[in-house]
Amino acid sequence: MKALGFIAVLGTGLLLLAASRDFPNWGDPDSPASSYRLSRHFITETINETAVPNMVTAVLADYRGYDTLFEAVVIFTAGIAVIGILRRYGSRNSIPSARETPLTPKKPDLIVESTVRLLIPIIQIFALYVIAHGHHSPGGGFQGGVIFGASFILLALARDLKAAQNWVAEKRTLILACCGILIYAGIGVLCQFLGDNFLDYQILHRILPTDPVMARYHSILVVEIGVAFTVTAIMFSIYSNLSSNGKMKEGI
Amino acid sequence: MIDQAPAIVLLAPFLTAVLVVLVGMKYERACFPLVLLGLSFSVAAAVQTILQVVEAGTLRYYMGGWPPPFGIEFRIDGLNALVALTVSTVALISAVYSKNRVPEENGDKISIYYTLLLLVVTGLLGMVLTGDAFNLYVLLEVSALTSYALIAMGTRRATVAAFKYAIIGTIGASFYLLGVGYLYIKTGSLNMFDIHEVLVAEDLHRSTTVLVAFILITVGVWIKMAFFPLHAWLPNSYTFAPTTTSCLLGPLVTKVMVYVMIRMMLTVFDPVYTFVQLNWGDIVVWMAVIAILVGSLSALAQTDLRRMLAFLIVAEVGYMVGGVWLANTAGLVGAIYHLIADVFMTLCVFLFAGIVFAKTGKREITATHGLFAKMPLTMAGLAVGALSLIGIPPTAGFFSKWYLIQGGMASGHWGYVVALLISSLAMAVLFFRIFEYALFGVKPAEGHGDHHAGDQGKFSEASASILLPLMGTASLVLLIGIFNQSIVSIITDFLVQFNLADPMFR
Amino acid sequence: MTPPAIISITPVLASLVSLLAVIPIILLGRRSNLREGTSFVAGIVKFGLIASMLPTIMAGSTIEYTLWEIIPNLAIAFRVDALGMIFGLVASSLWIITTLYSIGYMRGLKEHAQTRFFSYFAVSLAATVGVAFAANLFTLFLFYEMLSLATYPLVTHHQDKEARSGGRTYLTYLLTASILFVLPSLIYIFIKTGGGLDFVAGGFLEGRIGGTEALVLLLLLTFGFAKAGIMPLHSWLPAAMVAPTPVSALLHAVAVVKVGVFCILRVYSGVFGIEFLSDLNLGVIVTWIAAFTVVVSSLIALTQDNLKRRLAFSTIGQLSYIVLGMALLTPKGVTGSMMHIAMHAWGKITLFFCAGAIFQATGKKYISEMVGIGKRMPVTMAAFFIGSLSVIGIPLAGGFWSKIYLLWGTVEDGQYAMLAVLLISSLLNAAYFFPIAFRAFFCKPEDSLFEAKVEEAHPCAVVALSLTAVVTMFLFIYPEPFFALADAAAQHLMNL
Amino acid sequence: MELLKAIVGGMNYWIFIILMMIGLYAMITKNNLVKKLIGMSIFQTSILLFFISLAVKEGATIPILHHDQAHAKQGDHGEGGKHSDPSHKGKEAASAIEEGKEKPSVSHAGSSKIDPDRFTNPLPHVLMLTAIVVGVSTLGVALSITQKLYTEFGTIEENEILDQLKSGDD
């Protein structure tokens with residue numbers, strides 16, 4: 001098995017290497033990928049067409065917004081999949097809500113708890129900044145969402161899962177995740193109702209007090225927020241399922 | 001007013017998936033009607049799309065209003081439209097089937113199951129509709145992740161199979177992604193049609209990179225479609241998953257990957273490149289021959305009903321891959337027609353397996369003992385599916401085999417022709433074995449006894465919600481066979497643009 | 001030369017009527033009299049429809065109808081000509097009698113699942129008539145396969161282990177041969193000719209394929225239609241004898257096996273064309289294959305003790321007569337072979353009816369157990385004797401005429417070897433039939449294995465078998481309708 | 001020399017291929033399920049590296065316009081752009097803007113002001129953002145399957161699981 005695997009891997013590697021001979025050199029500005037009209041258009045026209053300075057954000061959420069929607073769906077799918085695989089409900093139809101799981105502190109470590117208490121707000125504010133500032137600097141819904149989700153995971157790690165669930169119960173995470181997707185897709189559908197293609201944000205200028213280009217600009221922000229919702233919720237959901245082996249009672 | 005039908009095909013199941021999660025938390029009973037509604041919308045939109053395609057030719061839908069190659073477009077031609085309609089119809093049928101089965105097989109995760117069902121359909125439809133190579137990867141992963149989860153929801157054997165599937169599937173998807181990357185590095189584009197234009201315009205067909213990209217994409221897709229010898233993940237996955245899952249995934253996943261292969265070979269790379277320049281036809285067709293033989297002969301060796309069907313899928317994949325690589329119109333028409341027909345025949349037999357499991361709780365072929373008297377309608381449904389798989393007119397399976405054999409003869413691949421015939425025989429043996437069990441279970445052997453006329457045994461037909469899908473599928477198999485000319489004409493209209501050399505369609 | 005074809009839906013109806021009869025048969029499943037009544041009515045309607053076309057055919061015209069063009073240039077189409085007419089008449093008229101016989105047999109034995117029996121019987125007849133009236137190779141193939149499948153539940157009717165293995169052998173042989181040999185040839189011809197598969201009197205392959213291809217196709221098609229029972233693909237027929245006797249009688253003496261030879265006749269005459277075959281001198285090969293089967297099967301029949309198996313091997317031999325006659329490629333041979341379809345059918349069905357009647361009345365299957373039976377069941381055994389005469393080809397029975405023509409055909413072509421084969425096999429036929437009748441009637445009373453209480457079988461069965469026996473004799477006196485049809489067909493096919 | 005140049009010039013490809021081989025090897029041959037997943041991560045990450053390295057352009061900066069430039073642009077679209085002081089320029093973007101200014105601007109029709117050679121290709125970044133997400137999701141699902149296997153079999157060694165399946169009936 002090992003030898004066979006090695007041969008297969010070696011074969012794949014050599015195959016890939018064989019092609020790399022006629023690849024452009026590292027950093028070659030004239031490589032087809034960089035010089036093709038696609039890349040050029042994104043660099044030069046993004047600002048005119050969407051008014052977003054961060055081209056990555058603009059391409060992500062507008063030009064290839066459809067792709068990104070399904071990127072969020074992949075996350076959403078993973079969350080649902082993990083629930084499907086792992087989650088074990090105690091009794092039928094009983095997704096516990098926040099009230100049913102009272103906070104049961106288990107001898108919280110003073111230093112850890114204080115640090116966490118200090119850190120979490122900072123992390124969350126930073127997450128919000130990353131989401132909101134995606135137009136102008138590296139960042140956006142995914143990154144911000146992950147950071148935001150991490151804050152809950154940190155809480156769960158420092159205290160226990162119930163403490164974190166006190167904030168975001170299972171039901172709430174699911175609702176949040178769905179809302180995120182619905183915000184994103186909803187904007188797209190709204191565009192359809194206004195008579196344009198799915199996710200063609202510019203038509204929104206009819207209901208927003210802006211011109212078409214700025215309509216794109218603002219929609220991108222809304223869309224990023226939607227993504228952030230989903231990512232936050234699903235990150236935490238996956239974590240809590242994995243750490244409690246689907247019981248959602250006590251974590252690590 | 002822009003026509004929204006192509007988008008609705010995909011969006012209906014997708015949005016329903018999200019709604020089902022929300023609604024399912026509170027009103028679990030509302031899930032099923034919602035699923036039905038969403039999928040019906042999808043089917044309706046797919047019908048609308050195909051009518052438009054037939055009427056007005058290729059349909060284009062720009063996501064976000066951005067023209068390609070900057071944005072992502074749906075470019076829907078005859079091939080897309082047909083496969084999309086097939087996928088959504090099958091999803092609808094298997095959703096109906098799952099109504100009563102889900103509570104039994106998936107326990108308390110009813111809404112979760114429905115969500116995953118809708119998401120897998122979304123992923124498959126997205127792959128079919130999209131005109132963007134990278135977008136295809138994303139949707140491939142949507143459908144793959146849901147498949148892993150759906151399978152892992154089964155018995156513990158299924159979990160083991162799901163893990164294997166996850167590993168192998170990821171390798172396949174990653175190969176595909178690498179292939180897209182290799183194309184991107186040479187062309188700088190991601191839109192399938194744009195890539196093709198650049199490849200032709202800059203005469204890139206001779207570069208090693210494009211060759212390697214072709215190999216990567218093809219192998220990646222082969223892994224995903226379980227083309228022999230890359231089929232190791234398939235049999236266990238479909239055997240031990242819940243029947244609701246295998247009814248959904250069994251027919252669809254491999255076929256959609258065949259679609260992707262055809263799309264890549266014809267649209268992205270050029271037929272001239274894939275068929276003439278590479279000249280791999282002989283090798284691949286021989287591989288297909290082996291796949292067909294191994295698949296159908298392994299099926300003969302199985303005692304588990306669904307495992308047997310799973311091996312049939314391996315053989316059927318061989319049919320289609322071989323048909324495509326015959327490199328002539330008849331072969332391609334056969335492969336595409338078979339793709340559509342096979343979805344329904346496979347669904348038919350998997351539904352039968354599901355019903356048998358539901359009624360008897362057994363997985364073995366012997367569980368069909370005496371079913372002819374007890375469940376005549378179910379057996380009739382199976383009979384249609386089985387006859388189609390064997391290839392007996394007027395069921396759909398006959399016509400696809402007809403074209404495939406024609407293609408095989410036209411290009412002189414006699415091995416392929418013989419393999420097709422042998423596999424038909426193997427299937428005949430397989431299904432007649434089932435019929436025998438079903439026929440002889442009623443009355444133990446005693447020659448001619450004192451049984452009076454009208455001795456029918458006790459009827460205990462399956463409940464309507466799992467029987468109706470089978471009946472529906474069986475009639476669809478017949479309808480596809482009877483109206484094969486209109487389907488074939490859509491396919492030939494699609495193939496005309498490629499100017500394939502072919503003596504048969506002068 | 002030929003009058004223009006008449007477009008009429010009658011052939012389609014003739015085939016469909018028994019298929020449609022299945023619905024009332026199933027619905028009336030619990031009321032056996034009505035159910036069998038339906039079967040009768042369907043049989044009579046079917047026969048009536050076919051007979052109604054007879055004048056047109058006798059006048060030298062044909063009747064055509066295209067039902068549905070499935071794939072461009074490939075249609076399910078019907079055409080009635082003289083050859084098809086012979087076969088259609090025989091099959092449909094015998095269905096009526098067999099229905100009568102089945103009632104007697106099935107009720108006499110209190111068989112189970114009679115509804116299934118009667119419905120599949122009807123389906124089989126639909127397929128048989130479909131084969132008879134098929135206008136092209138494709139339609140022929142369709143109905144051929146339909147017949148294989150429809151008869152499977154009949155063969156395995158008893159549902160015991162023996163029936164199951166018999167059914168398995170049956171299907172394996174028939175399906176394997178047709179799918180492996182016929183289907184590819186069909187598609188190959190389709191490709192070569194660019195679409196047309198319609199039977200044409202002089203064949204349509206001439207000039208389109210070379211000699212080697214023709215030889216391969218000829219062999220593939222000859223063996224592919226395994227229902228014709230040409231050795232070595234004959235083992236299914238003895239295996240199928242596990243079926244209830246009416247099934248063996250109608251299907252394995254008439255419908256199924258005759259479909260096999262009919263297909264071969266059709267292919268030789270309508271696809272290859274007799275001229276083409278004789279130009280390439282391919283007939284000789286087939287005659288030798290058939291001759292081999294004739295002799296060997298007769299020899300095997302001699303060794304069989306089970307009556308039905310003996311009849312089965314006899315059938316195998318008689319089928320090869322028909323193929324042999326066709327392969328002689330002479331007018332008399334072809335006429336003889338076509339007549340033999342009809343003559344053998346009436347004779348052999350009588351024999352099977354008798355075998356069934358004996359079984360039903362006494363439960364005996366083996367010839368060695370039938371000593372002295374003639375005294376207890378005189379009608380049956382008399383009919384048996386007449387049937388034997390016909391099959392052997394001795395005057396006073398219709399089989400004589402067809403055999404004479406076959407012999408004439410060999411002489412016409414100067415194939416004296418074949419003449420010898422036919423004569424030897426006739427002797428063998430006599431050798432395996434006469435002892436049965438002899439021992440039935442002329443044994444010492446103390447050897448008789450039967451007591452006084454044994455009586456004739458169920459009246460329906462007796463009526464049926466007497467009827468066929470009478471017709472067999474009648475055909476000796478008046479072979480005119482079949483002779484005229486066979487002659488017309490031969491004239492047409494040979495382009496005379 | 002040629003060889004060396006080829007090796008150095010294609011360094012990114014070498015690295016990605018070696019990483020990919022490590023990952024793939026682990027996925028195929030390792031017995032421990034978690035190790036397989038680690039291999040999977042390495043494999044996927046190597047693809048990320050490959051794509052990202054495509055985007056690199058010598059002398060180009062990250063594909064984000066400087067604040068001022070952005071506002072200047074936005075001004076064209078009626079957003080009342082404020083032209084802020086050039087001294088606030090970010091470090092990376094500064095050169096870009098200066099280069100842009102040096103270019104003879106034929107017209108003020110936006111596109112000519114932005115030199116495509118000054119920015120790296122944004123597309124691979126976008127794609128890889130997606131691929132990262134996909135990778136994480138796959139890992140999450142695969143881990144949860146592993147965990148389910150662990151609860152059911154009490155082990156994450158593949159051969160032990162298979163042994164249990166062989167011996168025990170399901």
Side-chain angles (χ1 to χ4, degrees), chain A residues 12 15-16 18-24 31-39 41-42 45 62-67 70-71 73-74 76-78 80-85 87 89 91-95 171 174-175 177-179 181-182 185 188-189 191-192 195-203, chain B residues 1-2 4 7 11 14-15 18-19 21-22 25 28 61-66 69-72 107-109 112-113 115-116 119 122-123 126 132 134-135 138-139 141-142 145-146 148-150 152-153 159 162 178 182 184-190 194 198 202 207-209 211-213 215-216:
Chain A
T12 319
L15 186 73
L16 296 180
S20 77
R21 276 187 313 149
D22 58 337
F23 277 180
S31 69
S34 299
S35 59
Y36 188 60
R37 61 185 169 130
L38 199 56
S39 154
H41 180 96
F42 286 146
E45 299 298 327
D62 196 349
Y63 290 99
R64 301 185 67 85
Y66 174 73
D67 229 358
F70 279 94
E71 192 180 340
V73 173
V74 169
F76 179 72
T77 308
I80 301 288
V82 171
I83 294 175
I85 296 167
R87 186 77 177 94
Y89 301 118
S91 60
R92 236 171 98 70
N93 302 337
S94 65
I95 301 176
K171 210 166 196 171
L174 275 180
I175 293 176
C178 291
C179 284
I181 300 281
L182 283 181
V189 175
C191 299
Q192 283 183 305
D196 222 331
N197 282 358
F198 185 63
L199 291 175
D200 195 350
Y201 310 131
Q202 54 130 11
I203 195 80
Chain B
M1 184 68 194
I2 298 148
Q4 303 286 2
L11 289 175
F14 161 54
L15 290 175
V18 183
L19 285 179
V21 176
L22 285 177
M25 278 182 225
E28 210 163 52
Y61 187 90
Y62 299 155
M63 282 295 161
W66 295 109
F70 307 114
I72 292 166
D108 41 11
K109 291 174 191 157
I112 298 289
Y113 171 81
T115 313
L116 290 172
L119 284 172
T122 309
D132 189 281
F134 185 80
N135 185 243
V138 177
L139 286 145
E141 285 291 356
V142 171
L145 287 179
T146 36
Y148 308 151
L150 282 169
M153 284 164 89
T159 319
L178 262 178
Y182 271 47
Y184 179 70
I185 202 173
K186 274 293 173 192
T187 62
S189 184
L190 289 170
D194 199 42
V198 176
E202 303 191 8
S207 98
T208 332
T209 314
L211 175 68
V212 173
I215 295 174
L216 284 171

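In what follows, chains are A, B, ... by sequence order, proteins preceding strands, each numbered from 1.
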Completion exercise
Most heavy-atom pairs under 4.5 Å with chain B, out of Leu38(A), Val189(A), Ile175(A), belong to Leu38(A)
Handout entry: chain A contact via Leu119(B) - side chain, backbone, both or neither, heavy atoms under 4.5 Å
Key = side chain
Completion exercise
Shortest non-hydrogen pair, Leu145(B) vs Ala78(A), comes out as CD1-CB, 4.3 Å
Problem - Any Leu174(A) side-chain heavy atom under 4.5 Å of Met25(B) side chain - result: yes
Practice task
Determine yes or no for a side-chain-to-main-chain donor-acceptor pair under 3.5 angstrom, with Lys109(B) supplying the side chain and Arg87(A) the backbone.
Solution key: yes
Practice task
First locate atom CD1 of Ile80(A), then atom OG1 of Thr115(B), and finally report the distance between them rounded to the nearest 0.5 Å.
Solution key: 5.5 Å
Practice task
Anything under 30° is parallel, anything over 60° is perpendicular, the rest tilted; go ahead and classify Phe70(A) against Phe14(B).
Solution key: tilted
Handout entry: Close side-chain approach of Arg64(A) to Asp132(B), heavy-atom, < 4.5 Å
Key = yes
Fill in the blank from the handout: Taking every heavy atom of Gly64(B) against every heavy atom of Asn197(A), the minimum-distance pair comes out as N-CB, 4.5 Å
Practice task
Side chain from CB out, backbone as N, CA, C, O: work out which of these in Thr122(B) comes under 4.5 Å of a heavy atom of chain A, or both, or neither.
Solution key: side chain
Practice task
Evaluate the side-chain proximity of Pro69(B) to His41(A): yes if any heavy-atom separation is below 4.5 Å, no if none is.
Solution key: no
Problem - For chain A, the option from Ile72(B), Ile112(B), Val142(B) that forms the most heavy-atom pairs under 4.5 Å - result: Ile72(B)
Practice task
Give a yes or no answer on whether the side chain of Gln202(A) reaches the backbone of Gly65(B) with a donor-acceptor pair at less than 3.5 Å.
Solution key: no
Practice task
For Tyr36(A) and Asp194(B), test the side chains for any donor-to-acceptor distance below 3.5 angstrom and give the result as yes or no.
Solution key: yes
Handout entry: Test item: Leu216(B) and Leu16(A) side chains (from C-beta on) under 4.5 Å apart, heavy atoms
Key = yes
Exercise for the section: For Trp66(B) and Asp200(A), test the side chains for any donor-to-acceptor distance below 3.5 angstrom and give the result as yes or no. Expected result: no
Fill in the blank from the handout: Cut-off 4.5 Å, heavy atoms of chain B, and the answer for Cys178(A) is both
Exercise for the section: Among the options Ile203(A), Ile181(A), Thr77(A), Val82(A), pick out the one with the most heavy-atom pairs lying under 4.5 Å from chain B. Expected result: Thr77(A)
Fill in the blank from the handout: So, the part of Ser35(A) with a heavy atom under 4.5 Å from chain B: the answer is neither
Handout entry: Distance (rounded to the nearest 0.5 Å) between Asp62(A) CG and Phe70(B) CZ
Key = 13.5 Å
Completion exercise
Nearest heavy-atom contact between Met153(B) and Gly84(A) is CG-O, 3.4 Å
Problem - Nearest heavy-atom neighbours spanning Leu15(B) and Ala185(A) - result: CD2-CB, 3.6 Å
Exercise for the section: Look up atom OH in Tyr66(A) and atom OH in Tyr61(B), then write down how far apart they are to the nearest 0.5 Å. Expected result: 10.0 Å
Practice task
Please look at Leu150(B) and chain A and tell me whether the side chain, the backbone, both or neither of the residue comes under 4.5 angstrom of a heavy atom of that chain.
Solution key: neither
Handout entry: Under 4.5 Å from a heavy atom of chain A, the part of Leu211(B) involved
Key = neither
Exercise for the section: Heavy-atom distances under 4.5 Å only: say whether Ile185(B) touches chain A with side chain, backbone, both or neither. Expected result: both
Fill in the blank from the handout: Among Leu199(A), Ile83(A), Asp67(A), the residue with the most heavy-atom pairs under 4.5 Å to chain B is Asp67(A)
Problem - Least distance between heavy atoms, Ala152(B) atom then Ile85(A) atom - result: CB-CG1, 3.9 Å
